[in-house]
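Just below is one structure, and these are the notes that go with it.
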Amino acid sequence: MRDLKFPKRYLIVILTFISTCVCYIERVGFSIAYTVAADDAGVNQSSKGTILSTFYYGYACSQVPGGWAAQRIGGRKVLLLSFVLWSSTCFLVPLDPNRVVTLVVARLLVGVAQGFIFPSIHTVLAQWVPPHERSRSVSLTTSGMYLGAAMGMLVLPSLVKYKGPQSVFLAEAALGVLWSLLWFKYASDPPRSEHPKAAAAGFGESLLPIKGCQKIKMENGGSAIKTAKIPWKRILVSLPIWAIVVNNFTFHYALYVLMNWLPTYFEQGLQLSLQEMGSSKMMPYLNMFIFSNIGGVVADHLITKRILSVTRTRKFLNTIGFFVSSLALMALPIFRTSTGAVFCSSVALGFLALGRAGFAVNHMDIAPRYAGIVMGVSNTAGTLAGIIGVDLTGRLLEASKTTYSDLSSAESWRSVFVIPGLLCIFSSFMFLLFSTGERIFD
């Protein structure tokens, strides 16, 4: 039995999967709890959109600093600090729609803290996971977002109904603290002995943070100074990186609009009760969980079996995912039943998740040493999409409410879903033209 050792990198991947799951339980939980509290307090749709989008301002500000911090002091430490900060904020802040300033500050703090998470995770995965396992490892880790969202949609409406909106904050804080304890106990940096060919393959100890300047031994017995210099200019003008950035923007525009406004669409657009919908309301996010992992397994199979090159694999999955998703998004307001709406939103989000096996892993292909930095830049764009999309949707719905007197008609929601649908088509063409699977940053 001693020979059947469970590889430490698998434990790291499982823990990062759980971390994204917990984070998205928090995000969905806030939108559900705040929507109920705000509706009871008579808050209008535009004001709700402003509060819901506040998180993303803080999230955007900490993406690139998060990548830099993970590069300098290590993703493992930064990830732990992030969880402690946002969990503490959830525990301490009351959910009162009338205390607008308190809510804005709290959501900004949670956004800043969670902004460090994904750059840190991708720095950790770049250190631990060999190239031939990256697609499924990243897909599994990010699929935690969707499982978390599905669990949140299934469980939290009932928690709000029986225990009140504030109970959601306390439950989320408890989950954050529990994960922090697990990470503190079991996570570590990768030892050289576990990956003897790590440097040549582009992962392992060779990608650990370099503090200032450090001496490295040369073959002739001498030493040289290795400086931690990040090629910011090359990163910011690289077309393959911009292809990732554009697709990340579109992915998160669609995801955040649906995540924050789908409860409102079900309740006011289709006149349905979230509690009465039962488990069907979690299907869009459960579909994302399934398709994300399918995409990762398929991508690694195509690459390891040499069926397609890394470049063609990324483009193939990205294009299929985004094109199918665009069709489902634009068809969503046509279906006026619970079954039709759940089906369309499930297809849209499922195929978006499939597309992540294209653009979302690509930064580890082209820049494994700077995976956290590139992820920070890319996720900044994704966060801006959240700010723009969530707030713009609130304004569009408020205008539609004025025009159509309420939000129960298909026309009042059409622009909400057509915009991300068109963005998906544009982004897939950008990725086809400019992306690559080759390593372009040493």
Side-chain angles (χ1 to χ4, degrees), residues 6-24 62-87 113-145 148 176 179-195 198-199 201-211 228 230 244 248 292 296 300 356 360-379 382 441:
F6 187 74
K8 185 64 176 285
R9 68 182 183 277
Y10 293 171
L11 178 61
I12 295 295
V13 170
I14 291 171
L15 287 173
T16 56
F17 162 78
I18 297 172
S19 75
T20 61
C21 184
V22 172
C23 285
Y24 270 67
S62 58
Q63 289 293 314
V64 175
W68 176 86
Q71 179 78 15
R72 298 288 299 192
I73 65 176
R76 177 176 59 85
K77 296 176 183 177
V78 174
L79 190 54
L80 178 62
L81 177 62
S82 170
F83 260 77
V84 171
L85 288 176
W86 76 253
S87 300
Q114 290 200 14
F116 286 83
I117 289 175
F118 283 94
S120 299
I121 284 175
H122 282 263
T123 299
V124 170
L125 293 180
Q127 293 165 0
W128 272 101
V129 180
H132 66 279
E133 294 179 2
R134 280 178 181 161
S135 295
R136 60 181 179 269
S137 295
V138 172
S139 294
L140 177 62
T141 295
T142 56
S143 71
M145 301 187 301
W179 183 89
S180 299
L181 293 173
L182 291 173
W183 186 253
F184 180 77
K185 182 175 181 179
Y186 294 110
S188 64
D189 293 326
R192 171 74 71 178
S193 58
E194 186 149 333
H195 302 299
F203 74 107
E205 191 183 66
S206 62
L207 300 185
L208 288 176
I210 303 167
K211 298 177 175 65
I230 300 169
I244 298 172
N248 205 334
S292 178
D300 279 347
R356 284 188 68 90
V361 191
N362 195 216
H363 58 282
M364 296 176 70
D365 299 323
I366 64 177
R369 177 176 291 279
Y370 307 108
I373 297 290
V374 177
M375 185 62 186
V377 173
S378 174
N379 238 24
F441 291 91

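Reckoned from all heavy atoms, side chains included, excluding hydrogens, waters and symmetry mates.
Side chains of Leu80 and Ser180 form a contact here, defined as non-hydrogen atoms less than 4.5 Å apart. The closest side-chain heavy-atom distance from Ile12 to Tyr186 is not below 4.5 Å. Here the side chains of Phe116 and Leu79 are not in contact, with every heavy-atom distance at 4.5 Å or above. You'll find the side chain of Val138 reaches within 4.5 Å of the side chain of His122, heavy atoms only. Contact of the Phe118 side chain with the Ser82 side chain is not registered, since no non-hydrogen atoms from C-beta on lie closer than 4.5 Å. Put simply, the side chain of Cys23 does not reach to within 4.5 Å of the side chain of Met145, judged on heavy atoms. Side-chain atoms of Trp86 and Val22, non-hydrogen and from C-beta on, do get closer than 4.5 Å to each other. Inter-residue side-chain proximity for Ile244 and Ile366 is flagged as met; some heavy-atom pair is nearer than 4.5 Å.
If you take OG1 on Thr123 and CZ on Arg369, they are separated by 11.5 Å, rounding to the nearest 0.5 Å. A distance of 15.0 Å separates OH of Tyr10 from CG of Leu15, quoted to the nearest 0.5 Å.
Smallest separation of non-hydrogen atoms from Ser188 and Lys8: OG-NZ, 2.9 Å. Across all non-hydrogen atoms, the minimal contact from Ser62 to Gly115 is OG-CA, 3.1 Å. Here the closest heavy-atom approach between residue Ser120 and residue Gly75 is recorded as CB-O, 3.6 Å. Closest heavy-atom contact between Val374 and Ala367: CG2-CB, 4.1 Å. Contact detail for Gln63 and Asn379: the closest heavy-atom pair is OE1-CB, 2.6 Å. The two atoms that bring Val129 and Val13 nearest to each other are CG2-CG2, 4.0 Å, heavy atoms only.
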>> Trp183 vs Arg76, test: side chain to side chain contact (heavy atoms under 4.5 Å, CB included). Steps then yes/no.
In response: CA-CA 8 Å; Trp183 186 253; Arg76 177 176 59 85; 3.6 Å; yes

> Where do Thr142 and Thr20 land on the side chain to side chain contact (heavy atoms under 4.5 Å, CB included) test, with the steps shown first?
Replying inline: CA-CA 6 Å; Thr142 56; Thr20 61; 5.8 Å; no

>> One pair to check against side chain to side chain contact (heavy atoms under 4.5 Å, CB included): Trp179 and Phe83. What are the steps and the verdict?
In response: CA-CA 8 Å; Trp179 183 89; Phe83 260 77; 3.5 Å; yes

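Remark: side-chain polar atoms of Ser19 are paired, donor with acceptor, to backbone N or O of Thr16 under 3.5 angstrom.
The only member of Ser139, Ser143, Ser137 that meets side chain to side chain contact (heavy atoms under 4.5 Å, CB included) when paired with Phe17 is Ser143.
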